[in-house]
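Written out below as structure tokens is the structure these notes cover.
Per chain, numbering begins at 1; letters A, B, ... match sequence-line order. Just so it is clear, the structure is predicted and the values come from calculations on it, not from any experiment. Because only heavy atoms are used, hydrogens play no part in the values below, and waters and symmetry mates are left out as well, while side chains stay in.
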Amino acid sequence: MTGIVWATGLVKRYDRTLAVAGLDLDIAEGEIFGLVGPNGAGKTTTLKILATLLVPDSGDAEIAGASVRRNPNDVRRVLGFMPDSFGVYDDMKVWEYLDFFARCYGISAERRRRMIGDLLELVDLGPRRDTYVAGLSRGMQQRLCLAHALVHDPAVLLLDEPASGLDPRARVELRELLRELRSLGKTILVSSHILPELEELCTSVAIIDRGQVLVHGRVADIERRLRVGAVFRVRILGEGEAHEAARAWFADQPDVVTADLLEDGQVEIGFHGDDDGSSRLLATAVGAGLRVATFSRAASDLEELFLQVTAPDPVTTGVPA
Amino acid sequence: MTALARPRRLGALRDIGTGIAAVGVKELRGRMRGRRAFVVLTVHLLLIAGFAWMIEGLAERTYSSGFGGSISASAEIGRTMFTALLMLLTLIVLVLAPASTAGAISLEREKQTLDLLITTPISSLAIVLGKLVSALSWVFLLLLASIPVTALVFTFGGVGPEDMVKGYVVLVGTAFFYGALGLFVSALVKRTQAATVINLVAAIALTAGTTFLFVFWFAMTGFGGVNPDQVKRDAGPLQSLTQRPPEALMWFNPFVAQLDVICGTETGFGGTCSIISGVTSQGAIGDQQFGVPRDSYWPRSLAAMGAVSVLLIVLSVQLVSPTRRWRFHLPRPRRRPAGSDA
């Protein structure tokens with residue numbers, strides 16, 4: 001056990017459904033840790049166990065040294081939680097909402113006043129201080145909910161699908177906010193379906209399925225460990241014959257597993273090499289006279305990892321060391 | 001208790017106090033915001049003042065007329081007004097107390113805010129007590145506002161300050177019990193609408209229902225009849241009911257407790273005292289027994305309400321707590337919890 005968030009052998013059943021099946025986690029302090037998995041993988045249940053909302057059937061988890069089983073109240077003091085589907089007290093004003101949660105943590109009136117102002121500035125809701133919560137947009141409510149999780153300056157933040165239902169601008173703002181929180185020393189555990197965003201944001205990820213961690217670590221390390229390939233799309237200038245010639249050329253290259261001609265004339269390449277290999281492939285293609293207009297990844301690294309790891313016959317399964 | 005245990009217990013008590021204050025302030029902010037609270041308070045006062053004025057008019061006409069007139073007419077008017085006002089206030093408490101707690105927990109579930117509340121360090125006990133205190137504060141405010149109107153009976157006489165205190169003690173106990181009942185139902189069922197309906201049915205069952213059952217049982221056992229043997233023969237399968245109905249059947253009916261309070265203001269026999277004597281095994285309904293003990297029933301009724309209220313609060317805490325030891329819930333179709341991805 002080394003990390004600030006640690007779990008071992010977590011098991012949780014709902015009636016006959018096994019939601020979490022012996023899940024292990026170890027998250028170092030100061031990380032933004034992404035929890036990735038398909039629907040029903042056990043992400044929300046895991047986060048609820050860590051947030052002391054559910055008691056695991058077996059196993060235990062600790063946050064900042066406090067056990068979710070034995071000392072749930074100590075866990076709550078070091079933890080900020082933002083659930084997936086959260087509600088707000090819509091008959092309260094923005095400052096009253098934060099004031100209420102600050103009171104729940106026994107924060108003095110003087111500190112509350114100061115902290116509410118600071119938090120509203122942090123989540124960019126300063127001008128909305130006296131607005132009723134019901135009058136805020138979804139993105140603003142999301143930021144307010146994040147602010148509520150910060151009233152007691154917790155060491156660890158658990159965010160369940162924080163970007164769901166947000167428009168692109170609100171997502172970018174949320175991402176910036178999380179980066180800022182990391183720079184303030186917070187450890188953030190975030191679950192999401194939006195993999196490119198997690199990839200850009202997270203220092204480490206865990207891919208979970210059927211209640212178990214299939215793989216976890218830094219995205220680049222996992223890629224290296226699993227030797228996961230990439231899918232590239234190449235747009236070649238010219239007409240049909242040029243496209244077919246390019247496809248045949250790519251199919252003959254080393255490390256290229258598949259080469260298909262798409263309806264729009266692009267060539268899709270399944271490539272089983274690293275970044276150096278893809279760079280060499282591009283240089284060789286240009287050197288061979290192919291008129292390459294664009295050469296780009298078809299999907300993000302994390303998406304490819306996710307698809308490969310959660311496939312019916314994945315490259316690897318089991319909890320890595 | 002060791003020296004170390006004392007600060008820890010004090011700390012736990014302080015945490016509960018902090019939680020109750022936090023939840024209470026939030027709830028009261030919501031209840032007292034805007035004009036709604038003041039409009040309700042004004043309507044409430046106008047209602048009971050108008051009712052008192054009408055009862056006073058009726059009583060004055062009855063007791064001051066030729067046949068009904070007496071030298072103690074003023075005291076009779078005072079007692080009649082007191083009786084009517086206590087009964088009206090009991091009815092108001094009976095409706096308002098469970099109604100104001102019916103959504104206390106279920107609304108948090110419906111709005112999906114309960115998880116946010118539970119992940120703070122405030123205990124489930126503080127959440128439940130905070131909700132109860134804030135809901136009852138509103139009911140107590142209405143009761144407090146009614147005191148000057150009720151005190152008008154002193155200008156007529158027949159009722160002493162101690163009678164009014166007893167009446168209000170029963171009202172406060174009733175509010176506490178029916179508030180705790182409403183809170184328990186709110187913690188038990190998922191929907192506020194269902195909780196409100198169940199609370200209404202429970203209030204009717206515990207008042208009108210128990211009264212009907214008591215009278216029926218009383219009649220079937222032959223205690224209330226002119227010819228008990230004949231009644232027993234006619235009772236058919238109910239002949240096995242040989243014991244009179246227990247007094248405890250009526251303990252949760254605050255109207256009966258108020259009748260005992262009113263009995264304390266009466267000088268003669270009959271009236272409310274005869275009903276109380278029937279309930280407390282001192283004699284049959286309709287009998288006019290001498291020596292009916294005053295103020296014996298309502299303290300027992302209040303104690304029973306208090307004890308059950310504490311039990312209901314403990315059960316509510318268990319239902320709210322995510323780490324509860326006992327699990328019991330209403331039968332429902334099996335499904336995954338809403339909002340869960342697994």
Engaged part of B:Glu110 at the chain A interface, taking heavy atoms whose separation is under 4.5 Å: neither
Part of [X] within contact of chain B (heavy atom distance under 4.5 Å):
X        : result
A:Asp99  : side chain
A:His152 : neither
A:Val88  : backbone

Side-chain heavy-atom pair B:Lys111, A:Asp90 within 4.5 angstrom cut-off: yes
Side chain to side chain, A:Leu53 and B:Thr119, heavy atoms closer than 4.5 Å: yes
Nearest heavy atoms of B:Leu116 and A:Pro83, plus distance in Å: CD2-CD, 3.4 Å
Minimum-distance pair of heavy atoms, taken over all atoms of A:Tyr105 and B:Pro121: CE2-CD, 3.1 Å
Residue among B:Leu117, B:Thr113, B:Leu107, B:Thr18 with most heavy-atom pairs under 4.5 Å to chain A: B:Thr113
Charged tip of B:Lys26 within 45° of A:Tyr89 ring normal and under 6.0 Å: yes
Report, as yes or no, whether the 6.0 Å neighbourhood of atom [atom1] on [X] holds more than 12 heavy atoms from other residues, nucleotides or ligands.
X        : atom1 : answer
A:Arg138 : CZ    : yes
A:Arg129 : CZ    : yes
A:Arg128 : CZ    : no

Straight-line distance of [X] [atom1] to [Y] [atom2], nearest 0.5 Å:
X        : Y       : atom1 : atom2 : value
B:Thr120 : A:Phe81 : OG1   : CZ    : 13.0 Å
B:Asp115 : A:Asp84 : CG    : CG    : 11.0 Å
B:Arg33  : A:Glu96 : CZ    : CD    : 4.0 Å

Salt-bridge present (A:Asp91, B:Arg31; N to O < 4.0 Å): no
Short N-O contact, B:Asp15 and A:Arg76, less than 4.0 angstrom: no
